[in-house]
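First the structure, in the form of structure tokens, and then the observations on it.
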Amino acid sequence: MSGLQKRLLHRLARLYGVETSYLDYRGTRRRAAPESLLAALRALGAPLAKPEHLSGALRETLQRQWRRICEPVVVAWGGKPPCLELRLPGRAGAGPAGCRLELEDGRELRWSRRLERLPGLRAALVEGEAYTVKGLALPRRLPEGYHRLTLDLPGSRQEVLIISAPLQAHTSPGSAAEGAWGVFLPLYALRTGTDWGAGDLSGLQDLLQLVQGLGGSIAGTLPLLATYLDEPFAPSPYQPVSRLFWNEFYLDVTRSPEFGASPEARALFDDRAFQAELASLKAAPLVDYKGGMKLKRRVLEACLRHLLADGSGSGRLAAFRRWAEENPGARDYARFRAAVEKQRAPWTKWPERLQEGTLLGGDYEPEAEHYHLYVQWLAREQFQNLSAGARQRGLSLYLDFPLGVHGGGYDVWRGQAIFVREASSGAPPDELFGGGQDWHFPPLHPERLREQGYRYFIACLRHHLRHAGILRLDHVMGLHHLYWIPAGLPAAEGVYVRYRSEEFYAVLTLESRRSQSLIVGEDLGTVPGYVRRAMARHRIQRMYILPFETTGDSGRVLRPVPANALAALNTHDMPPFAAYWQSRRGKEERLTLPAYLYRRGLLETPTQKTGALLRGCLAHLAASRARVVLVNLEDLWLETEPQNIPGTVDQYPNWRRKARCTLEEISRMPEVLEALAELSRLRNRRVKVRPRRSLRITGKILQTGREGFNHHEH
């Protein structure tokens, strides 16, 4: 490629938001290869088949951008009237501009302006045509919400989405007020006396009650979204079929009203062979997703048959049909899942007509459609009951919002216009993954998402925020830019593509305020400073994960915990604390961390014993200014096996390992109860850590926790 072609390529890349270089984890600037830039531009829709087309592609792109009279989305922070920039060719710089603003609440405002009287902001000559950029100011402050502005200009009509959003996300006192704490455990790993071989929503409710009895207010888990659990099979919570629907694997079947009313469902459950299968699932050390879902589905289908034949007059069937009528998206999803079952393949391998998004009656079995519709109705009920009950008691669910979705799943099939199937999301090479990472899901197209008014992103957020007191955003840097790996290239040769971060933050702050939910951004690893500055500006909580916060300075081994942060010892992608600490052998941290915690009064002696160090590190987090402290329950009995090892597939049973202890056993473990009681005491802002003083659990505090626990009948 010639020098001129490279310059044209870089200019075209900037127009499409493709970054031509980035700083790697060592702080070294890494330049994108021309082949990577060309492939990314093609994936974004640039008219560019080969390098010889660069000059023409650049001209066409510039003309197209200037012919777009105004941006499709504008943000009004704090309701302040925004000033729209209108790109007007010389021949259209005069005449009337009719303005109609439809507010979200249904009100409508109308006014008009003369284009020639609008202030000029700048001028440009594009391919021989003169353009003037003029400013159109809205006449009044705007209420919070999504408003639609229609501009009738000479020869054209333009529509603009105006997002009127608060500058900051929700942080006011509530269930996630300062000093809040809770526990974390993947729901599939939660074992109870009544589970069916994996945790369910009733178990999550029990966990919340246990935490409340000990003075906490939060129970957190991994994504609970729908996944493929048969053919195809992809159980990872970070490759959901959809970010709009729940995973029926986590339903408590016995809490369905139809289970109690259906003789068939009860007889099936009581059958000796069924109970033997259930006992085998419960006894297994790993979650059997296929076996568990198959067993659960048999009973759910019996419950559905009872509902459809319901003559009891309970109103359940009418309520189900009314919900299905009011939620056409759920019916569309159910038909998609039924078609997947009939084809026994993801949609990318279907016949062409089905791939294009049209399903006819013969493309799926009605019974399968009804099943998937029914389980989503039940999931909505059980989530609603769980979250409403939690909020009434001042408790919070901590849910996880994954970055992407399965490329063969519902969201990509139905939203093919906004997903880029010619690329995959991932991460560049770093210290652990020298070849980079390919996460195997398609990224969202930045501009097409805007042109649709962020409908998909808003719907996904609302699906979670209806129930989440705290929502963690996976890979928060993706609000700013995302690493794309064009099809056919290795992960190490990807490029970063920019997104309109201001618009994402506006949606986040608005939806966070409306739901009164705290937003946490996963900002671990190599994160540019501007990302964290934006998070701070909009009060998106950071993550403080202890192993990432060591300094190498023996005087201050750990960085201070920020006030706007969720603090924890690890994440689901890291070894538990005991494994982490045991791997420190021979390292300087092995000596400096105990001494540092001892000097701060967080250890009775500068010991290197794992259990004592765990308690000292938890005390460091608990006594900090962190808004939320989250404890991995498995750390409290010094578990060493991780839940997930990034970069592995068949080499490790990711997303399958059950907790070593049942919830009933956990509720009687002194080391667990004492650690959580001490955590609760330190999170009370009246307690101050005094250097070189012993921090003991008092019998009174422990008894208080147990009384609360007994009150909730665990």
Side-chain angles (χ1 to χ4, degrees), residues 75-79 103-105 142-147 161 163-178 180 182 201 204-205 208 217-225 240 242-246 326-327 329-330 376 379-403 453-474 476 479 503-522 535 537-543 564-566 627-628 630:
V75 175
W77 290 115
L103 300 179
E104 187 178 5
D105 62 10
L142 299 172
E144 290 183 359
Y146 305 98
H147 313 303
L161 172 68
I163 307 174
S164 179
L167 183 64
Q168 297 179 348
H170 172 76
T171 57
S172 61
S175 58
E178 289 187 1
L201 293 176
L204 186 55
Q205 181 177 8
L208 263 173
S217 59
I218 302 159
T221 190
L222 294 178
L224 301 176
L225 295 164
S242 172
R243 292 194 292 181
L244 296 165
F245 299 98
W246 300 116
E326 294 170 353
N327 292 272
Q376 287 304 314
R380 178 196 63 87
E381 285 186 336
Q382 293 194 9
F383 262 101
Q384 182 60 36
N385 292 338
L386 173 60
S387 61
R391 282 176 164 152
Q392 286 173 4
R393 300 195 303 274
L395 306 177
S396 286
L397 290 175
Y398 169 92
L399 299 182
D400 200 334
F401 188 79
L403 176 65
Y454 291 94
R455 287 197 309 268
Y456 171 71
F457 182 64
I458 293 167
C460 294
L461 272 181
R462 287 178 173 175
H463 179 66
H464 288 77
L465 292 175
R466 287 187 189 98
H467 310 295
I470 306 175
L471 184 65
R472 172 192 178 269
L473 301 182
D474 186 33
V476 73
L479 301 177
E503 294 164 9
F504 274 121
Y505 281 114
V507 172
L508 277 173
T509 59
L510 179 56
E511 296 299 329
S512 167
R513 288 287 188 95
R514 287 180 164 181
S515 64
Q516 299 289 284
S517 302
L518 199 68
I519 305 294
V520 176
E522 185 270 294
M535 293 173 68
R537 183 164 60 252
H538 298 296
R539 290 295 187 268
I540 306 299
Q541 308 297 299
R542 285 191 53 194
M543 294 192 77
N564 290 310
L566 180 144
R627 191 171 297 278
V628 176
L630 206 61

ask   = Of all heavy-atom pairs between Ile540 and Tyr505, which one has the smallest distance, and what is that distance?
value = CG1-CE2, 3.9 Å
task = Verify, without hydrogens or angle tests, whether His147 (side chain) and Glu104 (backbone) share a donor-acceptor contact under 3.5 angstrom.
result = yes
inquiry  = Quick check: closest heavy atoms across Ile458 and Gly453, and the distance to 0.1 Å?
reply    = CD1-O, 3.8 Å
Euclidean distance, Arg466 CZ relative to Arg514 CZ, rounded to 0.5 Å = 12.5 Å
ask   = Do the side chains of Pro402 and Leu225 get nearer than 4.5 Å, heavy atoms only?
value = yes
ask   = Do Asn564 and Arg627 get their side chains close enough for a donor-acceptor pair, meaning under 3.5 Å?
value = yes
remark   = Nearest heavy-atom approach of Leu244 to Cys460 is CD2-N, 3.6 Å
request  = Classify the angle between the aromatic ring planes of His467 and Phe383 as parallel (below 30°), tilted (30 to 60°) or perpendicular (above 60°).
outcome  = tilted
inquiry  = With a 6.0 Å cut-off on the ring centroids, do Tyr146 and Tyr454 count as close?
reply    = no
key: Value rounded to 0.5 Å, distance of CZ in Arg513 from CG in Leu465   = 14.0 Å
query = Taking side chain as C-beta onward, heavy atoms only, is Leu399 less than 4.5 Å from Leu222?
reply = no
remark   = On a heavy-atom basis, the closest approach of Leu208 and Leu397 is CD1-CD2, 3.7 Å
task = Could you pull out the closest heavy-atom pair between Ala506 and Ala165, with the gap in Å?
result = O-CB, 3.3 Å
query = What pair of heavy atoms forms the shortest contact from Ile218 to Tyr398, and how long is it?
reply = CG2-CB, 3.7 Å
inquiry  = Among Phe401, Tyr456, Trp246, Phe457, which residue satisfies the ring-ring contact (aromatic ring centres under 6.0 Å, His included) criterion with His463?
reply    = Trp246
ask   = Does Ser396 reach the main-chain N or O of Ile470 with its side chain, forming a donor-acceptor pair under 3.5 Å?
value = no
query = Any side-chain heavy atom of Leu518 within less than 4.5 Å of one from Gln541?
reply = yes
message = Could you tell me if the side chain of His538 sits less than 4.5 Å from the side chain of Leu508, heavy atoms only?
response = no
request  = Determine, step by step, whether Trp77 and Thr509 satisfy the side-chain contact (heavy atoms from CB on, under 4.5 Å) criterion, reporting the C-alpha distance in whole Å, the side-chain angles of both residues, the deciding distance to 0.1 Å, and the verdict.
outcome  = CA-CA 10 Å; Trp77 290 115; Thr509 59; 3.8 Å; yes
key: Minimum side-chain heavy-atom gap Gln168-Arg537 below 4.5 Å   = no
key: Spacing of Leu161 atom CG and Arg455 atom CZ [to the nearest 0.5 Å]   = 10.0 Å
query = How many angstroms lie between CG in Asn385 and CD in Gln382, if you round to the nearest 0.5 Å?
reply = 7.5 Å
Exam field: side chain Arg539 to backbone Met535, donor-acceptor pair closer than 3.5 Å = no
inquiry  = What verdict does the side-chain contact (heavy atoms from CB on, under 4.5 Å) test give for Ser517 and Leu471, after you've listed the backbone C-alpha separation in whole Å, the side-chain angles of each residue and the deciding distance to 0.1 Å?
reply    = CA-CA 7 Å; Ser517 302; Leu471 184 65; 5.7 Å; no
note = Taken to the nearest 0.5 Å, the spacing of Thr171 OG1 from Gln516 CD works out to 10.0 Å
query = What distance separates His464 NE2 from Leu473 CG, expressed to the nearest 0.5 Å?
reply = 10.0 Å
request  = Please step through side-chain contact (heavy atoms from CB on, under 4.5 Å) for the pair Leu566 and Leu630, ending with a clear verdict.
outcome  = CA-CA 7 Å; Leu566 180 144; Leu630 206 61; 4.2 Å; yes
